[in-house]
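Residue numbers start at 1 and run along the sequence shown.
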Amino acid sequence: MADLFSPFTLKGVTLRNRIGMSPMTMHACEDRSGRMNDYHVMYLGARAAGGFGLIFPEQVAIVPEGRTTVDCAGIWDDGQIEGHARVTGIIRRQGGVAGIQLGHTGRKGSEVAKHDEIDGLRGGSQLPPDHDRGWQVSGPSAVSYDDGTHDNPVHALTVEEIHGLHRSYADAARRAADAGYEWLHMHFAHGYLAGEFFSPLANRRDDEYGGSLENRARFLLEALDAVREVWPERLPLTMRLGSDDFHPEGVQFDESVQAVAWMAEHGLDMADMSMGFNTAKPPIRPPFDRAGFMAERAARVRKEVGIPTMASWNLGRPQDADAAIRDEWVDLVLLGNPALANPHWPVWAARELGHERPFSLLPDDWRWWLENFRGPAESIGLPPVAS
């Protein structure tokens, strides 16, 4: 039986364990360039050294207007490859696998960073298109996000522009391969562009990209096809889906199971099940207080579609993460906030779960010193294992 620390192989890539760091937006690129820098090498390298098997940077934009803020990362230009290569290099050297999540924020872009304030606009608010740090946002339809802070007009993409974005996905995938990424993850969730096409709450189109489930999934499938053509077959191609809007007029989970089945037919290797976030006012409250609630849903996809799955959300307790693997709900767990709070979360989890050699998850030079320390166990500064 697999557990949290079992290796996991997908295509030609083997992870040392089943713990992944979820993409987390850091707003740390300089000069609005979208280029990775020393910050990203430090931040992501630390998680690889801390024992995570799969490490993602933030969502990486396929075009400049696909960012959340002007300080977010991109891969729309060859000049950005060098920074990404530094990140993949440090992750590989510390024993991890570097994954990249490609995406476009759609109507949720042109934002003030969550921790910031600009010209009286609080973090998370949308900057107008004529602002020095803003731009014209786009989406499947001219429908703004309904949180009261994203009130700028939304440009409804033309079919020609949609096809151009699919080419941008493919170009970004080529650069990702050149930068040394070994795992490509498509962001089709969280109310961003692809998830907007999938959801009736954001997609009001009456052409081949709107209306029926098949039409609303078309943007996602064509993006997947574009990437599949250029991404090496030996490397995993996965995606995160906004699988439930928790709204009677939004995406329903049954629809998502069908959509994942179509994606599997188009070459998807693994599904990451998350939430839609296409409305700020869902009438049905998501079960945020329940551990691993998306992993339970991913288990259904794993069983009915027959491909591996992963999930995040409320898996920060080692016992919950391990149970999700042992109970065969998911094949990988992804940690966001827990990975930010504790870059050595895998080592802590190994100690909590009684792993025979918790420091074996670390690079050999670190491992040797920690396994061969002199003096009492508490002398290295770790708290006692919870009873």
- Sorted by chain and number, sequence neighbours left out, salt bridge (Lys or Arg N to Asp or Glu O under 4.0 Å) with Asp244 holds for Arg297
- Only counting residues at least two apart or in another chain, list the ones meeting side-chain hydrogen bond (donor to acceptor under 3.5 Å, both in side chains) with Asp320. Arg317
- Message: Using the side-chain hydrogen bond (donor to acceptor under 3.5 Å, both in side chains) criterion, which residues pair with Thr309? Sequence neighbours excluded.
- Response: none
- Task: Give a yes or no on whether the ring-centroid distance for Trp313 and Phe288 is below 6.0 angstrom.
- Result: yes
- Distance (rounded to the nearest 0.5 Å) between Gln126 CD and Asn152 CG: 4.5 Å
- Query: Pairs in or reaching into residues 57-67: which pass side-chain hydrogen bond (donor to acceptor under 3.5 Å, both in side chains), with residues at least two apart or in two chains?
  - Reply: none
- Item | Contacts of Trp366 that satisfy ring-ring contact (aromatic ring centres under 6.0 Å, His included) - sequence neighbours left out | His344
- Query: Who passes ring-ring contact (aromatic ring centres under 6.0 Å, His included) against His84, sequence neighbours left out?
  - Reply: Tyr181
Side-chain donor-acceptor pairs of residues 91-103 under 3.5 Å, sequence neighbours excluded:
from, atom 1, to, atom 2, distance (Å)
Arg92, NH2, Gly180, O, 3.1

- Sequence-distant partners of Glu249, side-chain contact (heavy atoms from CB on, under 4.5 Å), two or more places apart: Leu201, His247
- Provide the full list of salt bridge (charged side-chain N to carboxylate O under 4.0 Å, His left out) pairs with a residue in residues 278-290, sequence neighbours left out, each pair given once. Arg290-Glu296
- In chain order, what residues pass the side-chain hydrogen bond (donor to acceptor under 3.5 Å, both in side chains) check against Ser212, with sequence neighbours excluded? none
- Remaining members of the apolar cluster that contains Leu127, side-chain heavy atoms under 4.5 Å: Val112, Ile118, Leu121
- If Ile, Leu, Val, Met, Phe, Trp and Tyr residues are connected whenever their side-chain heavy atoms lie under 4.5 Å apart, and connections chain through other members, are Leu241 and Leu224 in the same group? yes
- Task: Applying side-chain hydrogen bond (donor to acceptor under 3.5 Å, both in side chains), name anything that partners Asp364, two or more places apart in sequence or on another chain.
- Result: Arg367
